[in-house]
Structures are given as structure tokens and as C-alpha cells.
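Heads up, the thing below is written out as C-alpha cells.
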Amino acid sequence: MKNLKRTHYCGEVAAAKQGKKVTVGGFVNRLRDKGGLIFIDLRDITGIVQLVFDETTKREVFEKAGSVKSEYVLMAAGILRARENINKDIATGAVEILVEDLQILSKSAPLPYDIHGEKKANEELRLKYRSLDLRSADLQKNLLLRHNLAKATRDYFYANRFVEIETPMFIKSTPEGARDFLVPSRLHPGKFYALPQSPQIYKQLLMISGFDRYIQLARCFRDEDNRADRQPEFTQIDLEMSFADVDDVLEMLEGFIKHVMREVVNIDIVTPLPRLTYDECVAKYGTDQPDTRYGMEITDITELAKQTDFTVFRDAESIRGIVAKGSAAALTRKEIDKLIEFAKGIGAKGLSYIRWHEDAPSCSFGKFVTGEQLSEICALLGCEKGDTALIAADKFRAVLRILGAMRTKTAGRLGIIPESGYNFVWITEMPFFELNDENGEWDAMHHPFTMPHDDCLPFLDSGEFGKVYAKAYDLVLNGTELCSGSIRITDFELQERMFKALRLGEEEIESKFGFLIDAYKFASPPHGGAGIGLDRLAMILCGAKNLHDVTAFPKTKNASELMSGSPGEVDAKQLDELHLKLKEQK
């Protein structure tokens with residue numbers, strides 16, 4: 001029998017002329033044998049079409065159809081016709097193919113689980129059989145959206161004169177915040193390559209080289225603990241542009257966001273996007289990654305609360321609160337106690353509250369306030385009848401951190417976090433340094449190549465590092481950081497000052513960054529850029545909760561890939577070639 005040749009994809013046959021002969025190929029999604037009538041739903045990457053075998057079908061073709069089982073791979077040729085019982089749930093629901101010729105190209109063994117069932121198998125089993133899991137409609141839809149996102153990305157940046165350039169995967173290990181994945185060198189015994197956490201240094205060198213605008217869908221690697229929105233290997237939309245300051249980069253990125261939202265999910269967003277400085281954001285939401293789709297913003301009541309006789313308030317550096325509107329009925333005393341225990345679990349000394357369930361508000365510190373004082377505190381917080389207020393009193397930084405976590409926790413308990421909507425917000429003017437609580441030293445909040453604001457430069461010399469702010473910015477979507485970037489230091493003398501402020505010695509600077517400093521000595525245009533998490537953006541646009549759902553072959557929480565068994569052992573010969581010897585396990 002002559003092999004059939006596909007003429008149409010399953011999900012696209014509705015566009016063909018009825019009465020015309022078509023040939024499709026795909027997997028058996030479902031089979032229904034009615035005796036003298038057989039229906040097979042055939043599936044490919046575009047969708048499903050119904051195949052029909054009836055009394056007019058050749059005997060050998062009909063018998064072959066009867067032998068088919070789930071997930072067999074078929075090629076079928078026949079006449080496209082109108083369907084009697086229209087299925088409005090699929091694009092081809094008005095047509096079907098009356099099959100004249102059928103080929104079974106590949107037979108499937110019994111499946112380890114029902115890959116199309118409403119009840120999903122446990123994730124460990126699905127990841128072990130990931131090639132089967134990827135046949136599910138949801139995962140294929142997600143990965144196709146990711147593909148469209150990547151295409152729209154390239155289209156936008158190509159149209160704006162960005163040049164796509166690949167940067168090395170085997171690089172020199174430099175401090176970038178997370179732990180590097182290291183690769184031993186066979187040709188250089190005792191030395192190691194690092195897999196890039198980002199192409200940061202190379203894209204700066206490309207600007208020094210005069211390429212003006214660079215773009216890359218870069219694979220990046222970070223050896224850190226996994227979570228729902230983090231994988232050890234990920235894709236970053238990496239870009240850099242010359243002769244640019246903060247507003248130029250943000251304007252370019254807003255154009256990109258507007259383009260991909262329209263092209264990928266058919267949503268028009270309004271630009272310019274809202275902006276908050278880092279200090280404004282943390283004061284308002286207790287975090288630099290806020291979900292702004294619901295309220296519960298933090299309010300400072302320090303001055304008013306200190307006028308009460310409540311010792312906890314009087315002794316605190318900062319007193320602030322959040323209000324959950326209309327929550328007094330749901331947040332019973334028992335529920336509030338659970339929230340207080342949660343707060344203690346994240347480092348709070350305690351949590352005060354106001355619950356206005358009856359005609360008058362009641363509060364946990366009622367013995368220490370007058371009715372007038374309580375009314376004034378409620379008015380300042382915006383706490384009204386039906387509301388609940390949660391109040392933290394501690395050091396300034398601790399209060400904001402605790403209330404930021406309480407805001408998210410309480411909103412989740414109340415079910416008020418929207419399932420839809422896209423709230424973008426820029427966080428700008430980031431601190432350059434952050435205080436390391438363990439050793440009391442100041443570390444770089446981002447990377448050491450970030451340009452500080454001009455008016456902050458004197459603080460470098462005076463050692464007032466907490467007053468140094470950077471030309472750095474993050475883009476946050478619904479509480480998830482999508483993008484981080486900055487304007488770069490192009491003055492090699494300033495770069496050396498910054499390295500020294502970070503306690504890097506001359507030898508360490510030369511060893512790790514000497515080549516970059518030397519490159520800047522030969523002049524550089526001002527430049528800046530950003531890295532955008534393609535995986536995270538795809539996850540949010542798909543409405544997924546985990547990067548597993550937009551990654552073809554993801555790693556588990558312990559960085560294993562269950563299908564292939566990665567990471568795996570290597571033999572002694574390979575280790576010997578790399579001049580490595582394994583330590584004995586205790």
C-alpha cells in the first residue's frame with residue numbers, strides 16, 4: 001500500500017471545501033465503536049477531527065479501525081463532509097471525515113495513566129512520563145503560547161533595530177548573587193567554567209564594541225532552591241541599548257509589553273505604566289514585588305498610636321496597619337488568632353487588631369486607649385464598620401516586612417486576590433546597597449555594574465551606603481517580578497570605587513573584572529538594559545501556577561529531571577579525564 005501524505009492538519013480541516021478528499025495524521029484521542037459504526041477522534045498539535053467508518057467503508061479499513069487503541073498514531077484519508085451532531089466545543093465540530101483509507105503508523109503500549117482524564121495523575125508520575133504528559137491539550141496550549149511569546153519578542157525588537165547576538169555558555173565565574181553551576185575543564189586541570197546566570201558582562205562589552213542595541217533569548221543558570229516561579233535553568237529576554245537613560249529603556253520595554261500583550265493574548269494595555277519608587281512601594285505594600293490588584297495598603301499610624309497608653313506602641317520605632325475591607329464577619333477571633341500565629345512565625349513579636357463587627361469597633365488593646373483615640377486610629381487607617389485592621393509595631397524595616405507578608409496571607413485567606421487582570425507597575429530608584437543582617441556589611445542589591453544616581457555619589461566616600469540609590473528598575477506583574485534592569489557604570493574609575501565600596505580587593509577586582517575595566521578605558525557610550533523572564537511572563541499569561549506548566553522538561557524541587565534521570569553518575573574514566581575525584585560519602 002502506498003504511504004499516505006498529509007494534506008491538512010486535524011484542527012484546520014474546517015477551512016477545506018466539503019466533498020473534497022483530505023488526508024490527516026495524528027494520535028488517537030478517543031475511539032467509540034458502535035458496532036456497524038466507528039468514530040475516532042484524531043488529534044494533532046492544531047486540534048481534533050472526527051473520523052467516521054460506516055457500512056460504506058471497505059471491510060479491511062473498517063476492521064483496521066476496530067483494532068485501533070488510544071494513542072495509536074494514524075494516517076487517514078477520506079471525504080470531508082458535514083457532521084450531523086455538531087460539537088461546538090472544537091473548531092472542527094461541524095465537519096467529519098468519512099475515511100476511505102487508513103494506515104496505523106505506530107502502536108501504543110497500555111498507558112501508565114489516563115493522560116486526558118479530568119483527574120490528573122500525581123506530578124511525579126507525570127514528570128516521569130513527560131513525553132506523554134506533553135500530549136495533553138493544556139500543556140500543548142501553554143507551550144504554543146510560549147512559542148508565540150518568543151516570536152512576538154523577536155518581531156518587536158527586530159523592528160526596533162536590535163541585533164540578536166549569542167553570548168558564551170561557558171564563562172568565567174563572577175559574583176552575581178546566586179550560586180554558579182560549574183563545569184570542570186579537561187584541558188585546564190583544576191580550572192572551571194561557569195554557566196551564565198545572565199549574559200550581563202558580555203552585553204556590556206557589546207555596547208562598548210559599538211553594536212548599539214542587542215537582544216538575545218538567553219539561557220541562564222542559577223544553582224538555587226527551586227520554587228513555583230523558579231527553575232535552575234530558564235530563558236531570559238536579555239537586552240541592552242546605547243545612548244540611553246532610564247526613561248529610554250522603560251519606554252522601549254513598555255512598547256514591548258504592549259506589543260506582546262496584544263499579539264499573544266489580544267489585550268490592549270494602557271501605557272505609560274504606573275511607577276513607584278522603591279521606598280514608596282515598600283512603604284505602601286511592604287514588598288518591592290506588590291500585587292496591586294487589591295487594596296490593603298499599609299498606613300503609618302506611628303504618631304497617633306504613640307499617644308496611647310499601650311506600651312507595645314509607645315516602645316516601638318514604627319506602628320503601621322492594613323485594613324481588610326468587609327472582612328469582620330469572616331475574620332472571627334479564631335481566624336485572627338491564626339493570622340497572629342502566622343505573623344509570629346515570620347518574626348513578628350505579635351500583632352494587634354481592630355475588628356468592627358458590631359456597632360462599635362473592638363480591639364486587642366482596648367484597655368489602653370480612649371474611645372476618641374480608637375476612633376482617630378480607625379479614621380486614619382480607613383477602618384469602618386464591617387472591616388478588620390491588623391497592626392504591627394516594631395522596628396521600621398520589620399514592620400513593613402511583616403505587614404507585606406500579612407497583606408498577601410490575609411488576602412489569600414479571604415479569597416480576594418483576583419484570578420484575572422494584569423496590573424503592571426515599575427519599581428524605580430532602587431537602593432544600591434542592602435545591609436547584610438548576618439555580618440553587618442553592605443552588599444550590592446543588584447550587580448556591581450549598576451549606575452548610582454549622581455547626587456548619591458558623595459555618600460560613597462562618606463560611607464553612608466544606605467543613602468545611595470541606583471538607576472535600577474524592576475517591572476512587576478501581579479506580584480511577580482518579570483524584569484530587572486539598570487543603567488550601567490561606564491566610567492572605569494567610578495567602577496573601581498564601587499568595587500572597593502563592596503570590599504573587593506585589587507587582586508580580586510583584577511582577577512574577576514579586570515578585562516571589563518580595561519575595556520571601559522577605551523571609551524564607551526552610556527548604556528543600560530534589562531532581563532525579562534520569558535518563562536514567568538508565559539506562566540502568568542497562561543494562567544498557570546507553576547513554571548512546570550510552561551517548561552517542556554522541567555526540574556523538580558530538588559533539581560532532578562525525572563524522565564531521563566538527570567543528574568546521573570559518570571564513570572571513573574570520565575572523572576579521571578577531568579582530574580576529579582569524588583569524596584567518600586559519610
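Just so you know, these numbers come straight off a predicted model, no measurement behind them. The basis for the numbers below is simple: all heavy atoms, side chains too, and nothing from hydrogens, waters or symmetry mates.
- At least one cation-pi condition fails for R275 and Y473: the charged atom is not both under 6.0 angstrom from the six-membered ring centre and inside a 45 degree cone around its axis.
- Scanning both residues, G25 and L42, for their nearest heavy atoms gives C-CD2, 3.9 Å.
- The closest side-chain heavy-atom distance from F39 to K34 is below 4.5 Å.
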Working note: D279 + E429, criterion side-chain contact (heavy atoms from CB on, under 4.5 Å); need CA distance, chi angles, decisive distance, verdict. CA-CA 8 Å; D279 287 346; E429 298 182 37; over 6 Å; no
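- Salt bridge status for E100 with K21: present, with a side-chain N to carboxylate O gap under 4.0 Å.
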Walk me through it: do V52 and I97 pass the test side-chain contact (heavy atoms from CB on, under 4.5 Å)? CA-CA 6 Å; V52 181; I97 299 172; over 6 Å; no
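- The shortest side-chain heavy-atom distance between C220 and P199 falls under the 4.5 Å cut-off.
- For the pair K409 and F342, the cation sits on the ring face: its NZ or CZ lies under 6.0 Å from the ring centre, inside 45° of the axis.
- With respect to D41 and R32, a salt bridge is recorded, a charged nitrogen being found less than 4.0 Å from a carboxylate O.
- For N478 and T480, the side-chain atoms include no donor-acceptor pair closer than 3.5 Å.
- Heavy atoms of other residues, nucleotides or ligands lying less than 6.0 angstrom from NZ of K172 number more than 12.
- Inspection of the D138 and S136 side chains reveals no N or O donor paired with an N or O acceptor under 3.5 Å.
- Taking the ring centroids of F157 and F256, they lie under the 6.0 Å cut-off.
- More than 12 heavy atoms of other residues, nucleotides or ligands shown are found within 6.0 angstrom of CZ on F192.
- Counting only heavy atoms from C-beta outward, the side chains of F243 and P526 approach each other to under 4.5 Å.
- Within 6.0 Å of atom OH in Y113, more than 12 heavy atoms from other residues, nucleotides or ligands are found, so the atom counts as buried in its surroundings.
- Here the side chains of D288 and M430 are in contact, with some heavy-atom distance below 4.5 Å.
- Shortest non-hydrogen contact noted between D248 and M241 is O-CE, 4.1 Å.
- When only modelled atom types and interatomic distance are considered, R213 and H527 share no side-chain donor-acceptor pair under 3.5 Å.
- At least one side-chain heavy atom of K471 sits less than 4.5 Å from a side-chain heavy atom of D245.
- A donor atom on one side chain and an acceptor atom on the other are found under 3.5 Å apart for T556 and N558.
- Surrounding CD of E224 are more than 12 heavy atoms belonging to other residues, nucleotides or ligands, all under 6.0 Å away.
- Taking the salt bridge (Lys or Arg N to Asp or Glu O under 4.0 Å) definition, one finds that K203 meets it with D238, E240, sequence neighbours left out.
- With 3.5 Å as the limit, one finds a donor-acceptor pair spanning the side chains of H447 and R488.
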Go through it in stages, so that I can follow the logic: the residues are D225 and K557, the test is salt bridge (Lys or Arg N to Asp or Glu O under 4.0 Å), and I'd like the CA-CA distance, side-chain angles, deciding distance and then a yes or no. CA-CA 7 Å; D225 294 337; K557 193 172 184 179; over 6 Å; no
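- Between the side chains of R161 and Y158, no donor N or O sits under 3.5 Å from an acceptor N or O.
- Exactly one residue among Q231, E233, E561 makes a side-chain hydrogen bond (donor to acceptor under 3.5 Å, both in side chains) with K555. That residue is E233.
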Test salt bridge (Lys or Arg N to Asp or Glu O under 4.0 Å) on K545 and E419; report intermediate values, then the result. CA-CA 11 Å; K545 303 296 184 184; E419 291 292 328; 3.7 Å; yes
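- In this structure, V13 and V95 have side chains that are in contact, with non-hydrogen atoms separated by less than 4.5 Å.
- With no hydrogens or angles considered, a side-chain donor-acceptor pair links Q216 and Y214 at under 3.5 Å.
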Kindly determine whether L4 and D101 satisfy side-chain contact (heavy atoms from CB on, under 4.5 Å), including the steps that lead there. CA-CA 9 Å; L4 297 174; D101 199 356; 3.6 Å; yes
Please report the C-alpha distance between R135 and D133 in whole Å, then the side-chain angles of each, then the deciding distance to 0.1 Å, and finally whether the salt bridge (Lys or Arg N to Asp or Glu O under 4.0 Å) criterion is met. CA-CA 5 Å; R135 293 182 186 180; D133 197 31; over 6 Å; no
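- Heavy-atom neighbours of N122 CG from other residues, nucleotides or ligands within 6.0 Å: above the threshold of 12.
- The closest side-chain donor-acceptor pair between Y278 and D474, if any, does not fall under 3.5 angstrom.
- Checked for salt-bridge contact, D114 and K119 miss the test: no charged N lies under 4.0 Å from a carboxylate O.
- Nearest heavy atoms, D549 versus A544: CB-CB, 3.8 Å.
- Using modelled atom types and a 3.5 Å distance limit, the side chains of S564 and R130 yield no donor-acceptor pair.
- Between Q103 and L74 the shortest side-chain heavy-atom distance does not fall below 4.5 Å.
- The shortest distance between side-chain heavy atoms of R293 and P418 falls below 4.5 Å.
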